[in-house]
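What follows is a short report on a single structure.
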Number of protein chains: 2
Amino acid sequence: MSINTPICQLLGIRHPILQGGMAWLATAELVSAVSEAGGLGVIGAGNAPPDWLKDQLEKTRQLTDKPFGVNIMLMSPHAMENLELVIREQVSIITFGGGNPGAHIAGLKQAGITVIPVVSSVALARRLERAGADAVIAEGTESGGHVGDTCSMALLPQVVDAVNIPVIAAGGIADGRGLIAALALGAQGIQMGTRFICSDECVAHPDFKQHIVQANDRATTVTGKALGHPARCLENRFTREFSEMEKSNFNPEELDELGRGRLREGVLLGNINGGSLMAGQISGLIKDIKPVQQIIETMINQAEQTLGGLSELLEA
Amino acid sequence: MSINTPICQLLGIRHPILQGGMAWLATAELVSAVSEAGGLGVIGAGNAPPDWLKDQLEKTRQLTDKPFGVNIMLMSPHAMENLELVIREQVSIITFGGGNPGAHIAGLKQAGITVIPVVSSVALARRLERAGADAVIAEGTESGGHVGDTCSMALLPQVVDAVNIPVIAAGGIADGRGLIAALALGAQGIQMGTRFICSDECVAHPDFKQHIVQANDRATTVTGKALGHPARCLENRFTREFSEMEKSNFNPEELDELGRGRLREGVLLGNINGGSLMAGQISGLIKDIKPVQQIIETMINQAEQTLGGLSELLEA
């Protein structure tokens, strides 16, 4: 059995499951594993330069011949060079984060690329549909990393009602129940980040993965609102220092300085107290680290069971 | 057709739909309409004295012989008197908000009352299950009024996994898609507040109802975090003044003074700029004001359609 939606045809995938393009962590290892398992792996360009991205594209293509995508982070100093690279390299699917990619869509479409921006509001979803986006990822504030204000449960049906292109749900999903909930709200698929960090294949530091497994429902916090780019992380010494400085002595340059390099330190090098540990509120639901293939299979099985259970609630 | 879960038997209702016990607005008019339509109406005691509550109990009993409940707000100066009243009056179902009702549960159970606290975390859900609660309402931060931090999509499955008693979903639900999403996440029913404000029967001021109908997905904001009791309202002059004072010149007494009486002014008297307009993020999904019976019927029909649509996604 499988769960099939039109987004599966659009992206050439078996399961309507996308992997979030997380900076530092969405590398060829994870991306190829997700695509091989029937989802859509997405390389996270983050702040990396084009050399790094080119290297990851080559590695991914060696590891899988299935479709995969690249996430371009618009706040990166290398965003434009990376965009030129993905066109040159004929990447087939691009997702966008960290801003409004409206101005880039026409060029990418002309190059035959499927374009799927991440949005956190109805207004941006509408604007990007008009600009030619093929689908949008509606991301709730429960997500890890950069976030908007609106929760998935409220955001999703409002975006679905506002646009005619397919909507993919992100934020607060880590199992088959979440997949069915997202589909019920009108999404055609889902994107997961935190769940895929806790996979064998992800290059995240083992201590960070373990920290997610041990997290509870209230383990995350949002910092950076004062800077205009709020991000959700597991709460630790770093987030407490950052949010103290935001409140008491707001100085954008000092804050930027305080944040510099912390994400790599946290998620890749395993500095659990002093690093930035971007992860979603669904961390508390994640209780194991396992191969990507098992994550996806377990999810689809649970989704089918969930759907079966729902059908039994209907009474004539 | 109807959607039947064990909570329907527990509460003696036809549809697994509870109405939030909103201060000032959840009066006999709305409560009796919801119960007559097959849901569970819940009188909102808010900060009201026992005389008011007794009057509402009598009115509700004149208007319906179906089950209904009372919400006791634990921060109210009259909470204890109101609790004594509901025992004396043999109210059959109590919901709780605004705190931890653990200490009251044994006494209410002894009086034969079904007790359903509102929780916004896994830890409180576990504690209240141990204290004898019959079910919990897991309320996501997208809700209107007093809120916690965790979004419904992330909170619900975590609470469902943590307790053995039934879980009712609140926060971000206003239609049949939301109902099915909540059931998929493991809830046995839902509670709605904002959707029921926009009913013909609710005594809310017409201008407030209209303001919800015109709201978009980003219309709400949370104030009061610095005071330790955050609340979600439609953003207006009042919330901007309040949050400015929270940031720049934090003085709990001045803030309390600024907030005094504002909820009644906003929701009942229709002071759209200067009042407190408690409402959830799902306001943007609500596009009409109609009779309670129609709200519930439309919702159940849409839920059935949603479930039918989901079943078609399953492929052998």
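Naming: A, B, ... by sequence-line order, numbering from 1 per chain. Source: prediction; values computed, not measured.
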Who among A:T221, A:L185, A:I173 has the most heavy-atom pairs with chain B under 4.5 Å? A:L185

If you count heavy-atom pairs within less than 4.5 Å of chain A, which of B:A174, B:A303, B:C151, B:S283 leads? B:C151

Short question: side chain of A:Q188, backbone of A:I7 - any donor-acceptor pair under 3.5 Å? yes

Largest heavy-atom contact set with chain B, pairs under 4.5 Å, which of A:V159, A:D175, A:V122: A:V122

Considering only heavy atoms and a distance below 4.5 Å, find which of A:I180, A:L285, A:N216, A:T220 pairs most often with chain B. A:L285

Select one option (side chain, backbone, both, neither) describing which atoms of B:L183 are under 4.5 Å from chain A's heavy atoms. both

Only one of A:I137, A:L128, A:L124 passes side-chain contact (heavy atoms from CB on, under 4.5 Å) with A:P117; say which it is. A:L128

For chain A, which candidate among B:A169, B:A123, B:G148, B:P157 shows the most heavy-atom pairs at distances under 4.5 Å? B:P157

Contacting moiety of B:L179, where chain A heavy atoms sit under 4.5 Å: neither

Strictly below 4.0 Å, N to O, side chains only: are B:D161 and A:K287 in salt-bridge contact? no

Is atom NZ of B:K225 surrounded by more than 12 heavy atoms (other residues, nucleotides or ligands) closer than 6.0 Å? no

Indicate whether the side chain of A:Q9 and that of A:N4 have a donor and an acceptor atom separated by less than 3.5 Å. yes

Okay, A:L155 and chain B: the region with an atom under 4.5 Å from a heavy atom over there is side chain

Okay, B:V160 and chain A: the region with an atom under 4.5 Å from a heavy atom over there is side chain

Only one of A:I116, A:V118, A:V119 passes side-chain contact (heavy atoms from CB on, under 4.5 Å) with A:V136, and that residue is A:V119

Calculate, to the nearest 0.5 Å, the distance between atoms OG1 and CD1 belonging to A:T194 and A:I286 respectively. 5.5 Å

Winner by heavy-atom pair count (cut-off under 4.5 Å) against chain B, out of A:Q158, A:M153, A:E142, A:R218: A:Q158

For B:T306, is it the side chain, the backbone, both, or neither that has a heavy atom closer than 4.5 Å to a heavy atom of chain A? side chain

I'd like to know if the side chain of B:Q191 reaches the main chain of B:E139, judged simply by a donor and an acceptor atom lying under 3.5 Å from each other, with no hydrogens or angles considered. no

Using a strict cut-off of less than 4.0 Å between a Lys/Arg side-chain nitrogen and an Asp/Glu carboxylate oxygen, indicate whether B:E244 and B:R240 qualify as a salt bridge. no

Heavy-atom cut-off 4.5 Å, strictly under: side chain, backbone, both or neither for B:D217 against chain A? both

Scored by heavy-atom pairs under 4.5 Å with chain A, the best of B:G172, B:G308, B:S120 is B:G172

